[in-house]
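Report on the following structure.
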Amino acid sequence: MKLSRILSNQDGISRKRANALIAAGRVTVDGTPCRSSAREVDRFSSVALDGEIIQAADTPHYLMLHKPAGYLSATVDTVHPTALDLIAPALRPELHIAGRLDRASTGLLILTNDGQWSRQLTEPKVKIPKVYHVITEQPISAETSKRFAEGLWFEYEQLRTSPAQLEQLGPREARVTIYEGRYHQIKRMFHAVGNRVTALHRERMGQLMLEADLNPGAYRSLTAREIDSVRQTGPAGF
Ligand code: URA
């Protein structure tokens, strides 16, 4: 939200007065005077007028969870356990999931309360690479990698998937990189070439790599470098 708007949301401060207070240097953002009414300020920054806090900063949270099979990528469910059940209760109400995994899928799941940051991670236009380890029912045919690279037509969304890469690791085992996160995308891609996914594990999203010693069900906070890697992601995903 613009700084002038945060001020003018206060009782008795008109938009005109807000601009005048900001121009006079009486308003600080995170303790530093800001004279730009147009400055975008999110809820993770504090705003003060003449030293008096009018917006307290919320604490941002960025977590990496090793999702076990059987957990829903949802915040609440009456039937199945959810990924949020694995997180400390005090944090749960604030968090959302940045890029879901199906209930049977395992691996890297990111949770945060920073919507702007998570959009950068999941927005198909940004084209962050998502890397999956896949086991299939049938042997993976020679033409699968070509078909994935060409993109596959998804009738429901009326779109062609972005070119994806398949690295064959065994007759029924591959590492697949996609750049979107459409509903059941990997399963539907294999289905489109006459195969079926029997196990799916997400290893990486952009530069966020599932930590090898994070056991299923365990989580940790992202490092400052990991958080920034998402902010700095350009259109190529790196
Ligand atoms: N694609 C799928 O089909 N399932 C997932 O959980 C993630 C990607």
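All values reported here derive from a predicted model rather than from experimental measurement. Atoms within a ligand are numbered from 1 in the order they appear, just like the ligands themselves.
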Practice task
Check Asn113, Thr112, Asp114 against Tyr62 for a side-chain hydrogen bond (donor to acceptor under 3.5 Å, both in side chains) and give me the one that passes.
Solution key: Asp114
Problem - Residues Arg225, Asp228: salt bridge by 4.0 Å N-O rule - result: no
Handout entry: Remaining members of hydrophobic cluster (4.5 Å side-chain criterion), Val29
Key = Met1, Leu3, Ile6, Leu7, Ile13, Leu21, Ile22, Val27, Val41, Val47, Leu49, Ile54
Practice task
Quick one: list whatever passes ring-ring contact (aromatic ring centres under 6.0 Å, His included) with Tyr132, sequence neighbours left out.
Solution key: none
Handout entry: Geometric cation-pi criterion Arg188 and Phe154, 6.0 Å radius, 45° cone
Key = yes
Problem - Partners passing side-chain hydrogen bond (donor to acceptor under 3.5 Å, both in side chains) against Arg103 (at least two apart in sequence or in another chain) - result: His80
Exercise for the section: Enumerate the protein residues lying less than 4.0 Å from ligand 1, judged by heavy-atom distances, in chain and residue-number order. Expected result: Leu101, Asp102, Ser105, Tyr132, His184, Gln185, Ile186, Lys187, Leu200
